[in-house]
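Worksheet for the structure shown next.
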Amino acid sequence: MSDQIKPDELINKIDYSPGSGNWMDTTPSVQIQPGMYCYAAKAESVETLGLPNARPWNPLDEDWHLPENWQEIIFNGIKERLERFRTFKIFMDVCVRCGACADKCHFFLGTGDPKNMPVLRAELLRSVYRNDFTTAGKILAKIPGGSRLAGARPMTLDVLKEWWYYFFQCTECRRCSVFCPYGIDTAEITIMAREIFNLIGLNIDWIATPVSNCFKTGNHLGIQPHAFKDMLDFFVEDLEEITGVNCAPQYQKKGADILFITPSGDVFADPGTYTCQGYLILFKYLKEKYGLDVTWSTYASEGGNFGFFTSHETMKRLNAKMYAEAKRLGVKWILGGECGHMWRVIHQYMDTMNGPADFLEVPMNPITGTIFENARSTKMVHITEFTADLIKHGKLELDKGRNGNRIMTFHDSCNTSRGMGLLDEPRYVIQNVCDNFFEMPPNTIREQTFCCGSGSGLNAGENMELRMAGALPRANAVKYVHEKFGVNTLGTICAIDRAALSTLCEYWVPEVEVYGIHELVGNALILPGEKNRTQDLRMEPLPGCEEDE
Amino acid sequence: MNQKYLIPLTTVFLLFLVAYTGVEGAGLQWFFGIVFPYLAVFAFLAGFVIKVMGWASSAVPFRIPTTCGQQKSLPWIKQNCIDNPDTSTGVFIRMVLEIFLFRSLFRNTKAAFNRNVSNKLAYSWEIFLWLGALAFHYSFLVVLLRHFRFFTSPVPSCLKWLEYFDGIVQLGLPGLFVSGVVLLAATLFLLARRIFDTKVTYISQAADYFPLFLIIGIAATGIAMRYFTKVDIMGIKTLTMGLATFSPVIPEGVGGLFYAHVFMVSVLFAYFPASKLMHMGGIFLSPTRNMANNTRAKRHVNPWNYDVKTHTYAEYEDHFRDKMIEAGLPVDKKE
Ligand code: HEM
Ligand code: SF4
Ligand code: SF4
């Protein structure tokens with residue numbers, strides 16, 4: 001990270017007042033800057049899914065090796081999507097450019113680049129729409145200077161490069177949509193733009209390769225079945241050392257009560273791994289106490305869905321595994337782990353794409369008798385809904401003291417807050433496993449939460465400057481509660497967050513650590529027959545046990 | 001860039017002059033008073049319908065409301081029934097609040113970066129756009145409704161009531177209507193925002209200035225006729241009633257100012273469906289606002305859903321069978 005831009009330098013770049021002039025004039029001078037873009041998709045990853053124009057290419061090169069008729073492909077791509085998505089069509093037509101969304105985007109707040117104002121991001125595409133699809137645009141184009149007057153422009157290579165650069169500087173977080181008087185969701189426009197990029201082979205590798213892995217091996221990281229089991233075995237060993245109890249999970253068990261699916265990031269990378277251990281402890285507890293039979297699957301071993309950042313079709317192809325596996329195993333319903341975009345896909349898309357899930361039962365918690373009415377059709381329940389229900393009914397024995405050294409705040413993930421509304425469930429769980437909880441300022445949480453800056457497949461290494469700039473508003477709020485209340489722990493229910501916020505904190509607020517909610521549950525939950533625990537899941541001394549070291 | 005507002009400004013001036021001189025000099029009353037208004041209303045209606053039908057003909061494949069509050073989940077967790085509705089009643093209330101009170105705009109904040117102290121980003125509530133927008137739209141609505149006085153005979157009592165309340169604050173001027181003044185002031189405020197707020201300036205297009213100048217022109221000519229120059233109200237009513245009853249006549253003694261006013265209104269009508277002013281229709285159809293957040297509870301059907309190639313479990317097992325068996329993972333086919 002030594003050649004990386006320093007926080008002070010990054011802050012010095014910020015200026016919220018764009019220059020004068022017409023933004024369209026600046027299009028030819030848009031330079032794809034190192035640190036701000038992600039590498040191009042590898043040809044082989046594009047091939048796995050049979051997507052068009054697989055080839056090696058480099059965004060910094062003059063020539064992107066596009067198909068000869070790329071303009072026609074884009075034109076038809078837009079046309080088709082205007083018919084298929086009412087959102088897209090309306091959002092192209094009704095923006096009044098009031099600017100209410102302008103300073104709501106974390107990338108604008110972190111970079112000051114005017115083209116990161118959601119409205120201008122959308123205008124990048126809308127200007128071409130006006131040129132090619134509106135009567136006014138077509139008529140005005142006939143008089144000299146008329147296109148300019150209409151705010152329209154033809155699709156050129158410069159425009160395409162500008163699109164590519166800025167639609168990969170949007171994390172599809174929907175914060176802009178909350179403030180727009182017409183609900184214009186720039187995330188939706190970005191989704192369309194990225195679909196169109198994929199028609200001419202312009203994906204980024206950080207999305208394309210996980211997608212290809214997920215398709216073939218069942219998860220983004222390409223962990224093969226035996227290795228997946230090895231990794232969980234490793235956690236089981238650690239847990240045995242910490243708790244004295246064997247928490248080994250089951251795999252692909254036919255006839256289990258519940259299929260559990262979580263992002264593979266939880267299996268692979270710290271601190272998600274501790275959250276994963278939390279799940280293992282919880283399921284062991286429920287098995288011992290109440291005989292609940294939960295199974296994992298190496299085939300459906302990915303909750304996340306980078307297909308969502310590629311196209312609706314790719315999202316559907318990856319998501320199909322969840323229902324397919326639940327059906328094959330004959331479980332009653334599906335339980336989903338802590339993840340953000342995974343939950344947007346499950347909540348707003350899965351049933352429509354791959355349902356109806358008529359082979360599953362309406363989810364009922366067999367321990368409390370609660371029927372999850374809100375998941376009646378999709379038949380998939382969020383783990384914090386599940387755990388909150390257990391806690392509410394007094395079904396978990398918890399020792400809050402074991403999280404006594406954690407002074408918490410909670411980061412709402414974009415997707416679960418603005419694409420679902422899961423806000424109070426995780427808070428309820430946190431407050432039952434930890435005594436010290438402080439909210440960040442109201443403009444930065446719940447539906448107004450700020451993105452981690454690395455969502456929608458932008459959590460690569462090469463675009464670190466972009467990520468840290470986008471992280472600024474979130475970091476600022478964390479810093480605020482850190483300084484005011486001594487907060488040392490940032491709780492989250494998202495696998496990407498667990499990785500991204502850790503980097504964010506390291507960069508902006510090094511004193512704060514990132515925890516998944518079920519890591520805290522795992523610490524607090526008193527397993528039947530456990531030994532006198534002295535360590536938390538990170539194998540650090542529990543509060544009050546420090547001197548034993 | 002000043003071109004962006006100079007051209008619309010000039011255009012509005014020209015529109016005014018064309019009508020004024022057209023009537024005063026060339027005697028084209030019949031065109032500006034009859035033909036063009038009819039064409040404009042027709043363009044408005046047809047354009048509006050075509051546009052809305054166009055939106056409605058696009059599919060709504062997924063139910064993707066933007067949720068702005070707690071979802072409906074466990075019975076003891078309090079749902080935000082308006083900002084995250086799961087029933088059509090909730091959606092209805094949400095939409096009413098959006099359409100009549102601009103609820104989302106009400107949330108507006110302003111971000112500022114304080115470089116000095118500890119590099120804090122601060123957000124303050126920014127109410128003025130909301131206030132300005134509400135003032136603008138409601139005064140526009142009232143002005144518009146008041147104009148039905150010219151198209152009805154006898155004037156319905158609800159319009160008389162509206163006029164009564166509109167005129168209740170006299171401010172020293174007898175017969176002053178608040179709505180006209182507020183309309184002009186609010187439009188000027190929205191214009192000032194476009195010119196002086198650098199972010200808004202940067203995103204603005206000619207198409208943003210044009211309706212503002214046009215409305216300012218309309219309001220200014222209207223106010224001028226009412227308070228400053230004497231116009232022949234009886235004559236005007238003859239003309240408007242003629243239009244309303246499809247038996248148009250051109251009365252004597254109505255001046256160019258009136259025709260300029262009518263012409264600009266007609267241009268606004270004709271321009272409406274091809275412009276951003278269609279947000280009036282769009283807000284009703286916006287899927288992020290007008291759908292219930294109950295996608296997990298009730299299945300939503302995508303009309304163009306199609307089958308896709310997936311990677312099946314059987315393919316997966318074929319690929320990894322040996323490794324799975326070796327690791328002790330269950331398999332369907334042991335070979
Ligand atoms: C259901 C009806 C309508 C709703 C809910 C609505 C709502 C809004 C909102 C929320 C804004 C953004 C705030 C602003 O920039 O002022 C706006 C802007 C605007 N509206 Fe409407 N509107 C409606 C109908 C109309 C009509 C009939 C007109 C006709 C003239 C109109 C003209 C405008 C203009 C010119 C702007 C842009 C103001 C600017 O440039 O800043 N609206 N509208
Ligand atoms: S808030 Fe909505 S209408 Fe206003 S500029 Fe942004 S996208 Fe356009
Ligand atoms: S969706 Fe998020 S990242 Fe994208 S423009 Fe809107 S606020 Fe910015």
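Just so it is clear, the model here is predicted, and its values are computed rather than measured. Every chain is numbered from 1, with letters handed out A, B, ... down the list of sequences.
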Determine whether [X] and [Y] make a side-chain contact, defined as any pair of heavy atoms from C-beta on separated by less than 4.5 Å.
X	Y	answer
Met420(A)	Arg296(B)	yes
Leu422(A)	Ser73(B)	no
Asn22(A)	Tyr202(B)	no
Gln252(A)	Met324(B)	yes
Phe113(B)	Leu472(A)	yes
Tyr349(A)	Arg63(B)	no
Pro65(B)	Gln348(A)	yes
Lys78(B)	Asp424(A)	no

Where do [X] and [Y] come nearest, in terms of heavy atoms and distance?
X	Y	value
Pro473(A)	Leu121(B)	CA-CD1, 3.5 Å
Thr67(B)	Gly419(A)	OG1-N, 3.4 Å
Lys298(B)	Ser377(A)	N-CB, 4.0 Å
His347(A)	Thr295(B)	O-CB, 3.0 Å
Lys321(A)	His311(B)	CE-O, 3.8 Å
Leu82(A)	Ser58(B)	O-OG, 2.6 Å

Query raised in the report: Mind checking whether Tyr313(B) and Tyr299(A) have parallel, tilted or perpendicular rings, split at 30° and 60°?
Result: perpendicular
Option that, when pairs with chain A are counted at under 4.5 Å, heavy atom only, ranks first among [options]:
options	value
Arg299(B), Arg194(B), His300(B), Lys199(B)	Arg299(B)
Pro211(B), Pro61(B), Ser57(B)	Pro61(B)
Lys276(B), Arg193(B), Arg103(B)	Lys276(B)
Val308(B), Thr310(B), Ile64(B)	Ile64(B)
Val301(B), Asp307(B), Ile99(B), Asn293(B)	Asn293(B)

So, [X] versus [Y]: side-chain donor-acceptor pair below 3.5 Å or not?
X	Y	answer
Trp125(B)	Asn443(A)	no
Ser177(A)	Thr66(B)	yes
Glu447(A)	Gln70(B)	no
Tyr182(A)	Glu98(B)	no

What's the spacing between [X] [atom1] and [Y] [atom2] if we round to 0.5 Å?
X	Y	atom1	atom2	result
Leu105(B)	Cys98(A)	CG	SG	6.0 Å
Thr416(A)	Gln71(B)	OG1	CD	9.5 Å
Leu74(B)	Glu385(A)	CG	CD	6.5 Å
Ser297(A)	Leu329(B)	OG	CG	9.5 Å
His226(A)	Ile325(B)	NE2	CD1	13.0 Å
Glu325(A)	Tyr316(B)	CD	OH	8.5 Å

Query raised in the report: So Gln205(B) and Met24(A), side-chain contact (heavy atoms from CB on, under 4.5 Å) or not? Walk me through it.
Result: CA-CA 11 Å; Gln205(B) 299 284 355; Met24(A) 283 187 208; 4.0 Å; yes
Requested in this report: Look at atom CD of Glu326(B) and say whether more than 12 heavy atoms of other residues, nucleotides or ligands are closer to it than 6.0 Å.
Outcome: no
**Report entry** Atom NZ of Lys327(A): over 12 foreign heavy atoms under 6.0 Å
**Finding:**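 Check fails, neighbour count at 12 or below.
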Query - Ring-face cation of Arg107(B) near Phe179(A) (centre distance under 6.0 Å, axis angle within 45°) - result: no
Query raised in the report: Could Arg84(A) and Trp304(B) be counted as a cation-pi pair, given that NZ or CZ must be under 6.0 Å from the ring centre and within 45° of the axis?
Result: yes
**Report entry** Contacts of type ring pair (Phe, Tyr, Trp, His ring centres under 6.0 Å), residue Phe189(B), not counting sequence neighbours
**Finding:**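 With sequence neighbours excluded, Phe189(B) shows a ring pair (Phe, Tyr, Trp, His ring centres under 6.0 Å) to no residue whatsoever.
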Report task. Check ring pair (Phe, Tyr, Trp, His ring centres under 6.0 Å) between His137(B) and all other residues, then give those that pass, not counting sequence neighbours. Result ->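 If we apply the ring pair (Phe, Tyr, Trp, His ring centres under 6.0 Å) test to His137(B), skipping adjacent residues, the hits are Phe102(B).
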Requested in this report: Start with the C-alpha gap between Phe450(A) and Tyr123(B), add the side-chain angles, then the distance that decides, and say whether ring-ring contact (aromatic ring centres under 6.0 Å, His included) holds.
Outcome: CA-CA 12 Å; Phe450(A) 274 110; Tyr123(B) 314 93; 5.5 Å; yes
**Report entry** Carboxylate-amine/guanidinium proximity below 4.0 Å for Lys254(A) and Asp332(B)
**Finding:**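 Looking at Lys254(A) and Asp332(B), the cut-off is met.
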Query - Charged N-O contact under 4.0 Å between Lys51(B) and Asp93(A) - result: yes
Query - Step-by-step side-chain contact (heavy atoms from CB on, under 4.5 Å) determination, Thr217(A) to Phe320(B) - result: CA-CA 9 Å; Thr217(A) 55; Phe320(B) 291 116; 3.5 Å; yes
Report task. Go through the steps to decide whether Thr352(A) and Asn305(B) satisfy the test side-chain contact (heavy atoms from CB on, under 4.5 Å), and finish with yes or no. Result -> CA-CA 8 Å; Thr352(A) 303; Asn305(B) 199 17; 5.8 Å; no
Query - Verdict with reasoning, Ile7(B) to Leu149(A), per side-chain contact (heavy atoms from CB on, under 4.5 Å) - result: CA-CA 8 Å; Ile7(B) 292 178; Leu149(A) 213 56; 3.6 Å; yes
Query raised in the report: Side chain, backbone, both or neither: which part of Asn84(B) has an atom under 4.5 Å from a heavy atom of chain A?
Result: side chain
**Report entry** Proximal component of Tyr306(B), with respect to chain A [non-hydrogen, under 4.5 Å]
**Finding:**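 Both parts, backbone and side chain.
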Report task. Would you please test Trp76(B) and Tyr428(A) for ring-ring contact (aromatic ring centres under 6.0 Å, His included) and show each step? Result -> CA-CA 11 Å; Trp76(B) 46 272; Tyr428(A) 181 80; 4.5 Å; yes
